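Computed from heavy atoms alone, side chains included, the values below leave out hydrogens, waters and symmetry copies. Because the structure is predicted, anything quoted here is derived from the model rather than measured.
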Amino acid sequence: MAFSVSGGTVFTILLISRLLESSMLNAEVKEGEILPPTIQKLMKGYNKYLRPFFDNGPVTVGMSLDIASIDTISEINMDYTATIFLRQRWTDERLVFEGNKSLSLDGRLVELLWVPDTFIVDSKKSFLHDITVENRLIRIFPNGTVLYALRITTTVACNMDLTKYPMDKQTCTLQLESWGYNINDVMFYWTRGNESVSGLDTLQLAQYTVEDHYTSVSEAVYETGNYPKLVFHFELKRSILYFILETYVPSSLLVVLSWVSFWISLSSVPARICIGVTTVLTMTTLMMGARTSLPNANCFIKAIDVYLGICFSFIFGALIEYAVAHFCTLTHADAHMLMYGHHMHDFEDEMNGIVTTISTHSTRAKRRKEPAATPTPAPTSLELTVNPSSPSGSEPKPEASPPEPTHWCITVLATVRKVLSAIYCCRIENPHHIDNYSRVTFPLSFVMVNLLYWTYYLYF
């Protein structure tokens, strides 16, 4: 009985081992179907952790780009998001095989090969597309050349100078470097020079047009050594038509609207104040709306800020013009009343002087007709004095009375009021002429400032 039990156990063990051997054999067959003999021969003894030409100098890697799209360009974050096809070529002497046809392999086999450790320098975030599978391409040529292509979407930083916004031009870059291999191990180069990057000619952007692009080769210097570096430069010019319709035209029309008050009478206080305050508030709202899509950086005084500031100054100046004109109207009326009273007082003084002179002459004539020896009493209102130098010594002369202080005070006050009135009214006798001058000076000044503004920002 014990013998039968032990025999059954041995049989079971042999059966399990036989099944395991058959399953391993089937796996080898399936693996052989995935990897044909040519690939198996190439992979035999291949070490993916060692670069090509490990002891025979650096491996040269050629690169080319195809810009599929530039999705967004953000002035707030100062970056752009692009989808690119990155193609890399290098030669691996360990992958040379006989034949005249290239081998296109599944992208998942890249895990079996050595590939360059290329990275995008200023990338904030990137990802490799994996729908429906990872978008990779591996192609091996008979001479050992390997083509490795990727489809990547990346967000890259781009330093922007917004001083001429929205008439600005921005130059952004896409920099490719090797992460771990220095120039003694790997060398990068563009496969076709400036023509290594394609797709920009047919690219359609919302606010920009691509004016120029070119490539360059350089080295990145770090503490750990010098690393190969490829740089792709492209220049973007902003389309200004949107901003003209959105900001420049409305702000200019608000300035013209503020000039309507110059044709309204000075006595219409509510109408002119309503136009002035409404245009100022509308311009303030427009300025706040224009800054919502821009970075809140104090270091940038942008061209659009300058123009909005100019328009706000003209609108505010039109409101101040009415305040000055209205004040001059009130001052001019008070000055007229004061001058009228002053003239009437002078007229009364002149009439009193004429009457006094006539009475004095008549008194002197009567005294000359009387005998000289007859003493005459002196008038009560005049004091007679005898001039010793007179030949006769008997001719009397009246002594002039001192001027009245009230008359001089009124004259000084009138003069001061007249000077102040002239200063306040800018030497304009009629305050209504201020509106007449403003109808000409404000439009001419605005046109001149616009000419200077557009000339500077478009050509300098």
Identify all side-chain donor-acceptor contacts of residues 108-116 below 3.5 Å with residues at least two apart in sequence or on another chain.
from	atom 1	to	atom 2	distance (Å)
Arg108	NE	Asp106	OD1	2.8
Arg108	NH2	Asp106	OD2	3.2
Trp114	NE1	Tyr181	OH	3.1

For a side-chain contact (heavy atoms from CB on, under 4.5 Å) check, start with the C-alpha distance between Asn226 and Ile183, then their side-chain angles and the critical distance, and finish with the verdict. CA-CA 6 Å; Asn226 298 347; Ile183 58 176; 3.9 Å; yes
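- Considering only heavy atoms from C-beta on, Ile67 comes within 4.5 Å of Leu203 through its side chain.
- Using a distance-only test at 3.5 Å, with no hydrogens or angles considered, a donor-acceptor pair links the side chain of Arg272 to the main chain of Ile264.
- Counting heavy atoms from C-beta on, the side chains of Phe234 and Glu211 never come closer than 4.5 Å.
- In this structure, Thr83 OG1 and Arg151 CZ are separated by 6.5 Å, a value rounded to the nearest 0.5 Å.
- Between the side chain of Tyr322 and the backbone N or O of Leu266, at least one donor-acceptor pair lies under 3.5 Å.
- Counted by atom type alone, Thr81 and Thr155 present one or more donor-acceptor pairs between their side chains at under 3.5 Å.
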Derivation and outcome, side-chain contact (heavy atoms from CB on, under 4.5 Å), residues Val210 and Lys237: CA-CA 6 Å; Val210 181; Lys237 182 180 180 181; over 6 Å; no
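- Defined by atom type and a distance below 3.5 Å, a donor-acceptor pair is missing between the side-chain atoms of Thr118 and Glu177.
- Counting heavy atoms from C-beta outward, Thr60 and Tyr189 have side chains that approach closer than 4.5 Å.
- Side-chain atoms of Trp90 never come within 3.5 Å of backbone atoms of Thr145 as a donor-acceptor pair (strictly under, hydrogens ignored).
- A donor-acceptor contact shorter than 3.5 Å links the side chain of Ser196 to the backbone of Arg192.
- Cation-pi geometry between Arg94 and Tyr46 is met: under 6.0 angstrom from the ring centre, within 45 degrees of the axis.
- Judged by distance alone, the side chain of Thr285 and the main-chain N or O of Leu281 form a donor-acceptor pair under 3.5 Å.
- For Arg51 against Gly57, the heavy-atom pair with the smallest separation is NH1-O, 2.9 Å.
- Just one residue in the list Tyr248, Phe243, Phe312 forms a ring pair (Phe, Tyr, Trp, His ring centres under 6.0 Å) with Tyr307, and that residue is Tyr248.
- Side-chain atoms of Thr279 and Ser258 include no donor-acceptor pair closer than 3.5 Å.
- In this structure, Arg439 fails the cation-pi test against Trp259, since its NZ or CZ atom is not both closer than 6.0 Å to the six-membered ring centre and inside 45 degrees of the ring normal.
- Side chains of Ser123 and Ser126: a donor on one and an acceptor on the other come within 3.5 Å.
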Stepwise, does the side-chain hydrogen bond (donor to acceptor under 3.5 Å, both in side chains) test hold for His233 with Thr171? CA-CA 7 Å; His233 310 260; Thr171 301; over 6 Å; no
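- For Leu319 against Val277, the heavy-atom pair with the smallest separation is CD1-N, 4.4 Å.
- A donor-acceptor pair shorter than 3.5 Å can be found between the side chains of Ser104 and Arg139.
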Is there a side-chain contact (heavy atoms from CB on, under 4.5 Å) between Met63 and Phe188? Walk through the geometry before answering. CA-CA 7 Å; Met63 296 193 184; Phe188 286 171; 3.6 Å; yes
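- With hydrogens and angles ignored, the 3.5 Å screen pairs a side-chain donor or acceptor of Asn450 with a backbone N or O of Phe446.
- In this structure, a donor-acceptor pair under 3.5 Å is absent between the side chains of Thr72 and Ser74.
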Worked verdict on Cys158 versus Tyr80 for side-chain contact (heavy atoms from CB on, under 4.5 Å): CA-CA 7 Å; Cys158 177; Tyr80 67 92; 4.0 Å; yes
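- When only modelled atom types and interatomic distance are considered, Gln207 and Ser239 share no side-chain donor-acceptor pair under 3.5 Å.
- Formation of a donor-acceptor pair under 3.5 Å by the Thr282 side chain with backbone atoms of Thr278 is found in this model.
- A donor-acceptor distance shorter than 3.5 angstrom exists from the side chain of Asp117 to the backbone of Gly180, with no hydrogens or angles considered.
- In this structure a side-chain-to-backbone donor-acceptor pair under 3.5 Å is present from Asn194 to Thr215.
- Put simply, the residue from Phe316, Phe262, Tyr437, Trp263 that forms a ring pair (Phe, Tyr, Trp, His ring centres under 6.0 Å) with Phe442 is Phe262.
- Side-chain contact between Phe141 and Val146: absent, with no pair of heavy atoms (C-beta onward) separated by less than 4.5 Å.
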